[in-house]
There are 2 protein chains.
Amino acid sequence: MGAGDSIDADSRGGRATMRDVAARAGVGLSTVSRVVNGDVNVSAARTLAVEQAIAELGFRRNDSARHLRMGAASSIGLLLESVSDPFFSLINQAVEEVALVRDSLLLSASSHQDAERAKKMVLAFCARRVDGLIITPSEPQEIDYLRAELRAGVRMVFIDRPVPGLDDDDSVATDTVLTDNAGGARTGVEHLIAHGHRRIACFTDRADLFTSHHRILGYRLALEAAGIPFDPALVFSADDVAENFAGPLAAMLAMAQPPTAIFTGNNRSTVAVLRQLVGRPDRPAIVGFDDFELADAMTPGVTVVAQDPLAMGRTAAELLFRRLGGEAGPTQTITLGTTLIRRGSGEQRP
Amino acid sequence: MGAGDSIDADSRGGRATMRDVAARAGVGLSTVSRVVNGDVNVSAARTLAVEQAIAELGFRRNDSARHLRMGAASSIGLLLESVSDPFFSLINQAVEEVALVRDSLLLSASSHQDAERAKKMVLAFCARRVDGLIITPSEPQEIDYLRAELRAGVRMVFIDRPVPGLDDDDSVATDTVLTDNAGGARTGVEHLIAHGHRRIACFTDRADLFTSHHRILGYRLALEAAGIPFDPALVFSADDVAENFAGPLAAMLAMAQPPTAIFTGNNRSTVAVLRQLVGRPDRPAIVGFDDFELADAMTPGVTVVAQDPLAMGRTAAELLFRRLGGEAGPTQTITLGTTLIRRGSGEQRP
DNA sequence: ATGAAAGCGCTAACAC
DNA sequence: GTGTTAGCGCTTTCAT
């Protein structure tokens with residue numbers, strides 16, 4: 001393009017640097033830095049010269065170098081169970097929105113319930129010196145490496161489930177954003193009871209997961225409050241929802257006293273049950289935990305206990321940035337309420 | 001914790017650096033670097049000393065500094081229309097999977113059809129000196145800043161839609177991964193025709209979008225091939241799908257010769273139409289472009305022309321990494337085929 | 001086998 | 001106002 005004086009950047013194969021710009025504009029390095037950063041204390045003539053050189057060279061500031069120097073990455077890490085799961089992808093979106101406002105970039109990754117992978121990604125984020133981390137913990141969550149990073153000063157907010165055993169070390173501080181799983185489940189099951197059901201089945205994810213555990217608890221709470229005896233034969237939990245529900249569900253429906261209603265513990269369980277029951281005219285009443293697209297377009301519409309994943313993500317991200325901004329104060333656990341959305345499937349009578 | 005000799009890192013407030021480790025282990029800086037990078041040419045004694053110091057200090061290599069020095073970021077940027085859209089979130093997942101294998105981190109962002117936002121994020125990625133970019137372009141796509149970055153050596157792969165006008169500059173090279181939109185749409189509409197339909201409506205996103213345009217083209221191609229006259233009154237496009245379909249759809253169904261079938265041009269259109277038609281016994285036959293969760297759990301199941309977003313994401317990411325690895329060769333446009341999935345709604349007869 | 005020193009591209013004193 | 005200089009934490013010759 002120009003003369004032979006842009007040899008530096010071009011022939012080096014890389015991009016123009018501030019030094020290249022300085023040379024081209026015939027000014028000092030710091031003048032370039034000042035112009036790039038909008039410092040007013042630069043003469044008009046020099047400002048112009050620098051801007052022209054920048055344009056000619058296609059210079060763009062290297063933010064990595066900048067951040068290395070400044071000691072802040074302007075980026076945060078987000079570890080989800082799966083970026084393609086509708087629930088988590090909404091959290092992703094909310095976090096992204098907050099990060100955008102804070103001029104922070106988002107590094108994201110999925111753990112897919114794989115503790116090794118989760119660890120690898122978290123440590124990779126930390127090695128990049130992200131300002132902070134938002135994490136959906138694995139269960140059980142390996143705790144030592146997290147504590148090491150926390151001690152080193154990395155801020156973390158946990159989302160969807162807590163990490164037990166981390167707060168016994170007062171030198172580390174983390175926050176947690178949860179849904180009111182037990183309360184929401186209780187509301188959903190009470191709704192079924194209010195519509196006359198007494199034989200209510202419960203299908204969930206692995207019962208040892210934090211969320212499932214609490215939702216089953218809420219289910220039992222509702223039964224107890226209504227004086228309905230808890231029947232373990234009506235509860236089924238499995239890790240691979242889609243594959244494992246068919247048999248138990250069929251068996252339950254073939255009981256002498258079959259359930260007249262089903263409470264499903266999460267998105268995937270609801271969908272799996274719905275699939276099994278497609279086209280059955282005697283379909284039991286259904287209330288699902290967690291809303292999903294098209295719940296309203298089914299016939300009948302599917303009544304759900306809705307979480308608010310956008311609010312969860314936003315809350316977690318805002319909390320993280322406030323902490324990064326220096327907000328002190330004790331560890332916080334924020335529990336978000338749920339909303340019962342009536343669409344028909346939960347209002348059927350026995 | 002230990003003695004007063006870790007003053008450096010601790011009191012500086014930051015993390016331990018290699019220099020801290022070197023001091024603590026009583027070795028030179030480069031020896032630490034060698035140990036950290038698994039160089040074999042270090043005596044056992046020193047290796048041990050370094051490893052111990054690393055453990056004591058909780059040292060973790062700063063990858064940003066490393067990459068600055070090495071001139072490669074080991075990260076790629078991904079710009080999607082929306083991370084929470086099921087279609088794009090699957091692309092996100094596929095890209096993530098490839099990046100994982102390549103030991104590259106993923107910076108992700110959503111444009112939400114906002115050209116300004118898209119530009120901001122792409123430039124932010126470039127300022128971070130990502131190794132490459134995978135982009136869902138805006139329409140129309142502002143081209144100048146992309147070309148500037150391409151000239152500067154940034155590799156880009158476009159996904160879901162092409163960027164016209166970029167290839168008139170032979171100094172820049174980009175690749176593109178698309179779905180066979182026209183072919184898929186044609187297949188879907190031909191399927192309806194094969195089942196006896198001749199009045200087939202078409203509901204899509206904004207008609208000027210690349211994907212919608214080609215799907216409408218495919219729709220018309222199928223009609224022409226069957227000798228069915230094209231009736232513009234049966235085609236409706238709108239940008240806000242959910243809000244704007246109700247009126248036109250009702251109007252069409254009230255026609256003297258109403259459509260007996262509907263072809264919907266994307267995920268959101270299908271869902272919107274389904275919502276409008278919920279509970280109507282005389283529902284027209286429906287074929288939708290793009291698959292969606294629960295399409296099989298509706299009654300009847302929804303017949304779709306399925307794209308393969310996972311394959312799109314994987315293809316784009318692998319192409320990008322091959323380019324980054326030095327693969328030369330001309331610009332590539334890879335078009336992925338579609339699959340017709342029969343579920344009932346498309347097999348209804350008039 | 002090991003350490004000293006230069007430098008990746010930037011910012012922030014510090015002098016002038 | 002402006003340039004010089006010293007790092008941020010790392011890798012990488014280059015001597016030794």
Side-chain angles (χ1 to χ4, degrees), chain A residues 8-50 53-54 57-74 126-131 152-153, chain B residues 8-9 12-50 53-54 57-74 126-131 152-153:
Chain A
D8 251 18
D10 268 359
S11 66
R12 223 177 32 236
R15 299 188 69 138
T17 71
M18 282 196 180
R19 257 191 38 218
D20 300 327
V21 174
R24 177 113 181 181
V27 303
L29 177 56
S30 30
T31 296
V32 177
S33 178
R34 290 188 183 103
V35 172
V36 169
N37 294 299
D39 189 324
V40 285
N41 295 325
V42 183
S43 73
R46 284 191 152 87
T47 303
L48 205 67
V50 169
I54 286 178
L57 262 37
F59 167 81
R60 182 103 45 203
R61 178 178 63 195
N62 183 331
D63 278 346
S64 295
R66 172 169 208 251
H67 294 136
L68 170 62
R69 178 58 225 249
M70 302 204 309
S74 293
C126 291
R128 284 306 211 297
R129 296 295 187 271
V130 293
D131 299 319
Chain B
D8 251 18
R12 223 178 33 239
R15 299 189 65 139
T17 72
M18 282 195 180
R19 257 190 40 218
D20 300 327
V21 174
R24 175 115 182 179
V27 303
L29 177 55
S30 25
T31 296
V32 176
S33 178
R34 290 187 184 103
V35 171
V36 168
N37 293 300
D39 188 323
V40 287
N41 294 325
V42 182
S43 71
R46 282 191 154 88
T47 304
L48 205 67
V50 169
I54 286 177
L57 262 38
F59 167 81
R60 182 104 45 204
R61 178 177 65 194
N62 183 330
D63 277 345
S64 296
R66 172 168 207 252
H67 293 137
L68 169 62
R69 176 61 224 250
M70 302 204 309
S74 293
C126 292
R128 284 304 211 294
R129 295 298 188 271
V130 292
D131 299 318

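Convention: sequence-line order gives letters A, B, ...; per-chain numbering from 1.
- Here C:dG9 presents its P atom at 13 Å from CG of A:Leu57, a figure rounded to the nearest Å.
- Between the CG atom of A:Leu29 and the C1' atom of D:dT4 there is a distance of 9 Å, given to the nearest Å.
- Look at CE on A:Met18: it is 16 Å from P on D:dT2, rounded to the nearest Å.
- At a cut-off of 3.5 angstrom, counting only N and O atoms as typed in the model, there is a donor on one side and an acceptor on the other between the side-chain of A:Arg69 and the base of D:dG7.
- Listed for the B:Ser64 side chain is no donor-acceptor partner under 3.5 Å among the backbone atoms of A:Leu68.
- When the side-chain nitrogen and oxygen atoms of B:Arg34 are compared with OP1 and OP2 of D:dT11, none of them lie within a distance under 4.0 Å.
- Bending across the helix from C:dA1-D:dT16 to C:dC16-D:dG1, expressed as the angle between its end axes from five pairs apiece, amounts to 50° (10° rounding).
- For the pair A:Arg66 CZ and D:dG9 P, the interatomic distance rounds to 17 Å; values are reported in whole Å.
- In this structure, CZ on B:Arg19 lies 15.5 Å from CZ on B:Arg24, to the nearest 0.5 angstrom.
- Judged by closest nucleotide on DNA chain C, B:Val32 is the one of B:Val32 and A:Arg61 placed further toward the 5' end.
- To the nearest 0.5 Å, atoms CG (B:Asp39) and CG (B:Asn41) are separated by 5.0 Å.
- Not a single donor-acceptor contact under 3.5 angstrom links the side-chain atoms of B:Thr31 to the base of C:dG3.
- Residue B:Arg15 places no side-chain N or O under 4.0 Å from the OP1 or OP2 atom of D:dG9.
- Of all non-hydrogen atoms in A:Thr47 and A:Val35, the two that sit nearest each other are CA-CG2, 4.1 Å.
- Remark: B:Ser30 engages no residue in a side chain to side chain donor-acceptor pair (under 3.5 Å) (not counting sequence neighbours).
- Taking CE from A:Met18 and CZ from A:Arg34, the interatomic distance works out to 11.5 Å, rounded to the nearest 0.5 Å.
- In this structure, CG of A:Asp63 is placed 12 Å from C1' of C:dT11, rounded to the nearest angstrom.
- Across A:His67 and B:Arg128, no two heavy atoms sit closer than the pair CE1-CZ, 3.6 Å.
- Listed pair B:Ser33 / D:dT11 meets the phosphate criterion, a side-chain N or O lying under 4.0 Å from OP1 or OP2.
- Residues from residues 37-49 of chain B lying near DNA chain C, meaning a heavy-atom separation below 4.0 Å, are B:Asn41, B:Val42, B:Ser43, B:Arg46 in numerical order.
- Side-chain contact, B:Asn62 with B:Arg15: no donor N or O sits under 3.5 Å from an acceptor N or O.
- Checking the phosphate oxygens (OP1, OP2) of C:dG7, no side-chain nitrogen or oxygen of A:Arg19 falls inside 4.0 Å.
- Within the 4.0 angstrom heavy-atom criterion, no nucleotide atom of any strand lies near A:Val36.
- With hydrogens and angles ignored, a donor-acceptor pair closer than 3.5 Å exists between the side chain of A:Ser30 and the base of D:dT4.
- Atom NE2 in A:His67 sits about 16 Å away from atom C1' in C:dC8, given to the nearest Å.
- Of the possible polar contacts, none joining the A:Asp63 side chain to the B:Ala127 backbone as a donor-acceptor pair under 3.5 Å is found.
- Here the shortest heavy-atom pairing between A:Ala73 and A:Val130 reads CB-CA, 4.1 Å.
- In this structure, CE of B:Met70 is placed 12 Å from P of D:dT13, rounded to the nearest angstrom.
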